[in-house]
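In this text, all values refer to a predicted model and were calculated from it rather than measured experimentally. By convention here, the first residue in the shown sequence is residue 1. Numbering of ligands and ligand atoms starts at 1, following listing order.
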Amino acid sequence: MHSLYYGSLLWPSAGGEPARYPPLSGDAERCDVLIVGGGLTGTLTAHALLAAGLSVCLIEADRIGRGSSAASTGLLQYSNDIMLTDLLSQLGEDRAVYFYRACKDAVERLCHLAELLPEDIAFKRRSSLYYASVPADVPKLRKEYETLRAHGFSVDWRDEADIRADFPFRKPAALITNGDGEMNPYRMAVRLAEQAGVQGMRIYERTALQSVKGSKGDLSCHTTGGIIKTAAVVYAVGYRPEMAGSDRIAVKLGRTSVIATRIVPSLADWHQRWLLWETARPYLYARTTQDGRIVIGGLDEDIRHPVRSKDELAPYAAGLLEQARQLFPGLHLEAEFAWNAAFGESKDQLPWIGEDPDRPGRYLALGYGGNGAVYSMLASMVLLDAVQGRANPLDGIVGLGNRRTGPLK
Ligand SMILES: Cc1cc2nc3c(=O)[nH]c(=O)nc-3n(C[C@H](O)[C@H](O)[C@H](O)COP(=O)(O)OP(=O)(O)OC[C@H]3O[C@@H](n4cnc5c(N)ncnc54)[C@H](O)[C@@H]3O)c2cc1C
């Protein structure tokens, strides 16, 4: 049983068997940066560091992409769990808008990168329909629409009749964000690792980091297979924050559930196959796949470990199937895959990305939140600057030092 999820996952089931990498046996050659964790965050960061000419080594305790990236639903959205309107109060206008623009830019970069990767990552550009779950949420959503629009984001508004014209369900109103996307997150990590391998990155699977000794520029990383000497370590360890060894991060771990239906003969009822989510917290999130399935997730709970048996998973799968049937009553839906997975959020709803001020040379890349994949891309950009000694305007927002508010300098 995997400690990050339980059940049958959709993404690894599609496509051929990915490349395997050997475990480390004996000490390895020195590198500029050691990346710990071969999920989306680790592989995207590897991609950025290699492109800058750094020598990179990556270790993965299990198999590439088999952590939370394999359990993700693969929605690529710049609009965050925390609305821009709320982030304005939390961070001040400059920082909040800068952060949202950085997320939009990260989605754009993911889209460009995805378009260059093999087709099995099933990338597609999509808009998102963010609907008000209840009439009382409409004013808040309308304000978000106006705030996004005022800051130049491409958004549209739909009232109840507009939604009814496009979908079989009734919702009081919705905000449409344009420029989002979808993909198979597992295949993306696998393909990025393959590409990085071709570019000379050394990859060791079934090799876990145990401890790091030494000082910045001269670190000795003790792993289950031997020692790796490096100038810097990136902890891209996903929802295993204890592996990153920093006291500075405040994380709330819970769990979420997902089903993928059998292939549906026609999804004509699903307007432009938009990504769907809602204002309720916790929220439902739904999308389609290229082969014509519906993937729907939600029913989040504040329980740290995933369910442990078929019997425990069954009510969540049934609940999600019921939700999908309510949204699309004309479709004959049956669940083919169902899983329950660990999920992490930071207390301020922002990722943790940057050098640990208490342990120079150690960099964290923890993209906690519903936009985890977008945060993975942000991590790759911020950490490229960080390991090369450059400041990034996001440092004071996502970094591990004091997270700041007010105008950006
Ligand atoms: C059900 C679900 C749905 C989601 N849906 C979305 C979505 O629609 N859109 C979105 O943007 N995000 C979504 N997310 C979040 C997104 O999946 C994650 O943010 C992202 O996959 C995290 O990637 P990662 O590389 O940081 O973590 P992981 O993929 O978990 O990779 C971390 C890796 O580190 C390895 N590791 C840990 N410790 C060590 C060690 N000591 N030594 C070596 N290796 C180690 C693990 O084995 C693991 O493979 C979802 C998450 C879940 C669970």
Which ligand 1 atoms does [X] reach within 4.0 Å, using its non-hydrogen atoms?
X      : result
Gly37  : 33 (C), 34 (O), 35 (C), 44 (N)
Ala208 : 42 (N), 43 (C)
Gly370 : 6 (C), 7 (C), 9 (N), 10 (C), 11 (O), 12 (N), 13 (C)
Gly39  : 25 (O), 29 (O), 31 (O)
Ala373 : 10 (C), 11 (O), 12 (N)
Met243 : 38 (N), 41 (N)
Thr207 : 43 (C)

Query - Close approach, Glu60 and ligand 1, non-hydrogen under 4.0 angstrom - result: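 Checking ligand 1 against Glu60, which is what was asked, there is a heavy-atom contact under 4.0 Å.
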At under 4.0 Å between heavy atoms, is it the side chain or the backbone of [X] that contacts ligand 1, or both, or neither?
X      : result
Ser72  : both
Pro185 : neither
Leu366 : neither
Tyr239 : side chain
Ala342 : backbone

Which one of [options] has a non-hydrogen atom at the shortest distance from [atom]?
atom                    : options                       : result
atom 24 (P) of ligand 1 : Thr41, Leu44, Val258          : Thr41
atom 2 (C) of ligand 1  : Gly42, Gly74, Ala71           : Ala71
atom 8 (O) of ligand 1  : Ile64, Thr73, Asp62           : Thr73
atom 42 (N) of ligand 1 : Leu75, Leu209, Val295, Leu110 : Leu209

Query raised in the report: Less than 4.5 Å apart, any side-chain heavy atom of Asp395 and any of Asp385?
Result: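 No, every pair of side-chain atoms sits at 4.5 Å or beyond.
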Query - Matching residue for Glu182 among Gln77, Arg126, Arg125, Lys124 - test: side-chain hydrogen bond (donor to acceptor under 3.5 Å, both in side chains) - result: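 Exactly one pass, corresponding to Arg126.
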Query - Shortest non-hydrogen contact between Ala338 and Ala317, atoms and distance - result: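 For Ala338 and Ala317, the tightest heavy-atom pair comes out as CB-CB, 3.9 Å.
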Query raised in the report: Does Arg142 make a cation-pi contact with Trp157, if we ask for NZ or CZ under 6.0 Å from the ring centre and within 45° of the axis?
Result: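 Yes, Arg142 lies over the aromatic ring of Trp157.
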Query - Residue pairs, two or more places apart or on separate chains, that pass side-chain hydrogen bond (donor to acceptor under 3.5 Å, both in side chains) and touch residues 218-242 - result: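 Counting only pairs at least two positions apart or across chains, the side-chain hydrogen bond (donor to acceptor under 3.5 Å, both in side chains) contacts touching residues 218-242 are Ser220-Lys229, Arg240-Glu242.
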